[in-house]
Amino acid sequence: MKCRFYLLDINEGEWEGKPCVRLWGLNAQGQRVLILATQIMPYFYYLPSTDSDLDSVRERLLDDKRFGRVASITIEPRKRLGKEQRVLRIVCSDPSAVTKYSEQMPRALGGTSYDDLRLPVRYVADLMLTTCGWNECEVEPIDLHGVAVDKTYVATTAPRGIGDGGPPPKLRCLFFSVLAVAEKGSAKAEHDPVRGIAIATDSGRSELFTSAGDDDSQTLDLFITFVKEYDPDIIVGFESNRLEWPYLTQRSKLSKKKLAVGRDFSEPHSSVYGHVSITGRANLDLSDIAAGISELKVKTLENIAKYLRLPSADKITTIDEWDRYLLWATASGRDQLLKNTKTNSQVGLEVAEATIDYPMQLSAITGLPLDQVMTAAVGFRVDSYFVRQAHEIGELVPAKNELPFLTYRGAIVIEPETGVHANIAVLDFASMYPKLMVNYNLSPDTLVKPDEILPEESVYVIPDVGHRFRREPDGFYRIVLTSLIDQRARIKKDLENLTSHTTVFQVLKERERALKVITNACYGYAGWAGARWYVREVAESATALGREATTKATKKAKSLGLKVIYSDTDSIFVSNEKAKIDDLLLWVEKELDLEIKIEREYTRVFFTEAMKRYAGLRKDGTIDFVGLEVVRGDWSDIARLVQEQVLVSILKGQSTKEAIEIVRRALKQLREGHVPIANLVIRKTLTKPIEDYRVRAPHVEVAKQLVKEGWHLTVGDKVAYLIVKGRGSLFKKTRPYNQVKPEDVDVDYYVENQVKPAAMRVLERFGVNERQLLV
DNA sequence: AAGGGCGCACTTTTGA
DNA sequence: TCAAAAGTGCGC
């Protein structure tokens, strides 16, 4: 019988003594299914050194005792950098041999291995399976114990992804939130019991699980039982990968329980990209979604809800970890904490529902399962997409690189005309790098070696850097990018005929966004030393061509009589003169084969002397703040707020008098101690392990202190601190956010090193001097 | 265990 | 006292 299934999760397994993958999903009737597929045996490709004969190498390998788990070897035609090659396909009897042998063979016999892929990835690539999408194969029912699904099958034909299989089935979604309380520092599984777990489901269930006293086994039992009964397809949490799952797993172990939430009753386990995997379900961590929202400076669930303007955003408040212990000591405090946890789960579910379309579409496009796609870095998403595309065209997949990398020249920024300008248009090249890569066929397989002699008319010669690329045939990057660009164009067209607010529209919109992100990431990917298709020359040529395009367009703009006040990479700020701009747009299209658009129009725009920092007033009255302290997460709120008000006043008002008054008022408030401590907090990220720092930076000193006090701090964490009164260097006057009393604050520092510099950055352009800020 | 590129502004520490 | 180095976070 035929089975159509929506794919949620894939893992390795075994069936009748053969390696298989387990495909977890839902069928067209909405039943939960598990399909075992044994069609593909684990394999990789091996290309022996050039002088050896394939047949004899094959014989030798089959006899080699070191490679006892080689099941068979065939000789196949594949392409390496577009060139037809005959390679050995090494089929192994178990999946782990692929990783081992693909490294050992080149070491023992020379040559190179390709397509060293884990079996689930192999399946996704070879069969174009669609994660978060529909697939199809012939199946036979089987009896399988130890799994909680409606149907179990074995695939009798190879499963295939079906392009547009229609809308997804109704998926069950559960959000969970864990309350942990510690006397000092971060909660630790060894001595801090789970105080409560709240869940909320898409079916409207909202529960709070607790235990009496310090024994949390009832809480855990209730949670495990609920998950089993509700049987969600998607489990969502906040910081669940890093904190909640490891904590719950450890707590369960301590009470001799198994956190058997998987559809095979296994426990959550951490996997490749630092994500947690729950067999048969998709585990999603909203903090990974928050990480992708750069406007969000402090990544809390509360702040995401507010950012998304969810109706329920007002219901949620963040209770800091260090406040929990005292609250927990009183009955009313406990009540507050538990209620807060429950609210978290309800709002969390709404956040999940509002944001999940994007990860699902990104998963469908890249082939990375839903639980991996948001934790995987941009480079790995591109990697995954490329692996699928490579298989389609028969191209060998190179191993991941650990090549030494070389830096290269990037884009041009021209210094802005300082001050305020009226009526400015911002012109942007649309997808500049991707289009240049397509236009000039920039790709590893079209790159001409420096010593190779080719007729001039058969290659593109890149300005400035001199690299050459064959005009024909289409290179790998051109093929991949063209497909991405075309798909996106098609969706954009479809969107025009749909009404917004419909589900279909939203899903397509997110798909379009996912395609755009992948498209734009290709340039950076080419210049990333860790990429499978790392080719510095491609990235270097893209930036060289970009410099040329922007320079030429700028020159043309000037010759048309436009005033150019600033330019960065692929954007040009010009006087907003419609007719001249239209001429320029046409010229760019014709002469540069690129598209340039009016991206924004400013009625007024302000520049300091610096590049990459400005503020522009749009026609609708909103202001874009770019690069300035206002948008930086490492300045105190008070400094950012004052600068923002100053800029509003400058761009919307008439004189600087009002702006000066704003600063004076703020400084007065500050000096009188009326500014709440929360507005004085400075946050900086730990970008490396604490012991690796070579200087005593303020946030690192605070981090050291916090670690001593029992807080878990790791790379990527933000350290929140204040500056307090004292002597000596700044790093001696820093204290953790939660330990500062208002009277200890070093007001002078905030006046002289926060508010004044932020305000003066703007005001000094108008001849205001610092003394004028004194009252 | 990892976690796209380069260009730029700016603050603070360091070391002579 | 001063320039260089370290460090962070931004723009595109």
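Side-chain atoms are counted along with the backbone in the values below, which use heavy atoms only and exclude waters and symmetry mates. A note on names: the letters A, B, ... follow the listed sequences, proteins ahead of strands, and every chain is numbered from 1.
Between F573(A) and F607(A), the ring centre distance stays below 6.0 Å.
At whole-Å resolution of the value, CZ in R694(A) and P in dT8(C) are 11 Å apart. Separating the NZ atom of K688(A) from the P atom of dA5(C) is a distance of 15 Å, rounded to the nearest angstrom. In this structure, NZ of K299(A) is placed 11 Å from P of dG9(C), rounded to the nearest angstrom. Rounded to a whole Å, the CD1 atom of I690(A) is 11 Å from the P atom of dT8(C). If you measure from atom OH of Y693(A) to atom P of dT14(B), you get 14 Å, rounded to the nearest angstrom. Atom CG of D568(A) and atom P of dC6(B) are 16 Å apart (whole Å). The distance between atom OH of Y433(A) and atom C1' of dG5(B), rounded to the nearest whole Å, is 9 Å. In this structure, NE2 of H275(A) is placed 14 Å from C1' of dA2(B), rounded to the nearest angstrom.
As judged by a 4.0 angstrom heavy-atom cut-off over every strand, K297(A) is placed among residues touching the sugar-phosphate backbone only. Among the atoms of the strands shown, only primed sugar atoms or phosphate atoms (P, OP1, OP2) are found under 4.0 Å from some heavy atom of R409(A). Among the heavy atoms of the strands lying under 4.0 Å from A610(A) are primed sugar atoms or P, OP1, OP2 only; no base atom is included. No contact: A539(A) has no heavy atom under 4.0 Å from any strand. Contacts of T375(A) with the nucleic acid, taken as non-hydrogen atoms under 4.0 Å apart, include base atoms. Within the 4.0 angstrom heavy-atom criterion, only backbone atoms of the sugar-phosphate kind lie near K684(A); the bases stay farther away. Residue contacts for G379(A): at a heavy-atom cut-off of 4.0 Å it reaches the sugar-phosphate backbone alone, with no base atom in range.
Between Y566(A) and dG11(C) there is no side-chain polar atom (N or O) within less than 4.0 angstrom of OP1 or OP2. Using a 4.0 Å cut-off, no side-chain N or O of K612(A) falls inside it from OP1 or OP2 of dG9(C). OP1 or OP2 of dT8(C) sits under 4.0 Å from a side-chain N or O of H699(A). Residue R761(A) has a polar side-chain atom (N or O) positioned under 4.0 Å from OP1 or OP2 of dT11(B). Remark: T687(A) is in phosphate contact with dT8(C), judged by side-chain N or O atoms under 4.0 Å from OP1 or OP2. OP1 and OP2 of dC10(C) both lie 4.0 Å or more from every side-chain N or O belonging to Y614(A). Contact annotation: Y749(A) reaches the phosphate of dT12(B) (side-chain N/O to OP1 or OP2, under 4.0 Å). Residue N520(A) places none of its side-chain N or O atoms closer than 4.0 Å to OP1 or OP2 of dG4(B).
Screening R600(A), R604(A), R613(A) for a salt bridge (charged side-chain N to carboxylate O under 4.0 Å, His left out) involving D624(A) leaves a single residue, R600(A).
DNA chain C is contacted by V626(A), G627(A), V631(A), R632(A), G633(A), D634(A) of residues 622-638 of chain A, taking any non-hydrogen atom closer than 4.0 Å. Residues of residues 363-370 of chain A having a heavy atom closer than 4.0 Å to DNA chain C: none are found.
With rounding to the nearest 0.5 Å, the separation of CZ in R640(A) from CD in Q754(A) is 10.5 Å.
Of the candidates dC8(B), dT12(B), dT8(C), the closest approach to any side-chain atom of T685(A) belongs to dT8(C). With dG7(C), dG4(B), dG7(B) as the choices, the nucleotide that has an atom nearest any side-chain atom of V413(A) turns out to be dG7(B). Listed nucleotides: dG4(B), dT12(B), dT13(B). Nearest to the side chain of F731(A): dT13(B). Relative to the side chain of R613(A), the nucleotides dG3(B), dT8(C), dC10(B) differ in distance, and dC10(B) lies closest. The N753(A) side chain lies nearest to dT12(B) when the options are dT12(B), dG4(B), dC12(C). Comparing dT13(B), dC8(B), dG3(B) against the side chain of L730(A) picks out dT13(B) as the nearest. Comparing dG9(C), dG4(B), dT14(B) by their closest approach to the side chain of K718(A) singles out dG9(C).
Remark: side-chain polar atoms of H467(A) are not paired, donor with acceptor, to backbone N or O of V538(A) under 3.5 angstrom. Under the 3.5 Å distance criterion, the side-chain polar atoms of R381(A) are left unmatched by any main-chain donor or acceptor of I365(A).
Across the P atoms, dC10(C) and dA1(B) are found 28 Å apart, a figure rounded to whole Å. On the C1' atoms, dG11(C) is 15 Å away from dG4(B), given to the nearest whole Å.
The local environment of NZ in K552(A) is sparse, with at most 12 non-hydrogen atoms from other residues, nucleotides or ligands closer than 6.0 Å.
Residue order along DNA chain B, read from the 5' end via each residue's closest nucleotide, puts A377(A) first among M611(A) and A377(A).
Taking a cutoff of 4.0 Å between a charged side-chain nitrogen and a carboxylate oxygen, K732(A) and E701(A) do not qualify as a salt bridge. Between R488(A) and E512(A) a salt bridge is recorded (basic side-chain N to carboxylate O distance below 4.0 Å). By the 4.0 Å N-to-carboxylate-O rule, R735(A) lies too far from D744(A) to be salt-bridged with it. In summary, K435(A) and D570(A) do not engage in a salt bridge, as defined by a charged side-chain N under 4.0 Å from a carboxylate O.
By the 30° and 60° cut-offs, the orientation of the rings of Y440(A) relative to Y460(A) is perpendicular.
Remark: K688(A) is positioned above the aromatic ring of Y693(A), its terminal NZ or CZ atom under 6.0 angstrom from the ring centre and at most 45 degrees off the axis.
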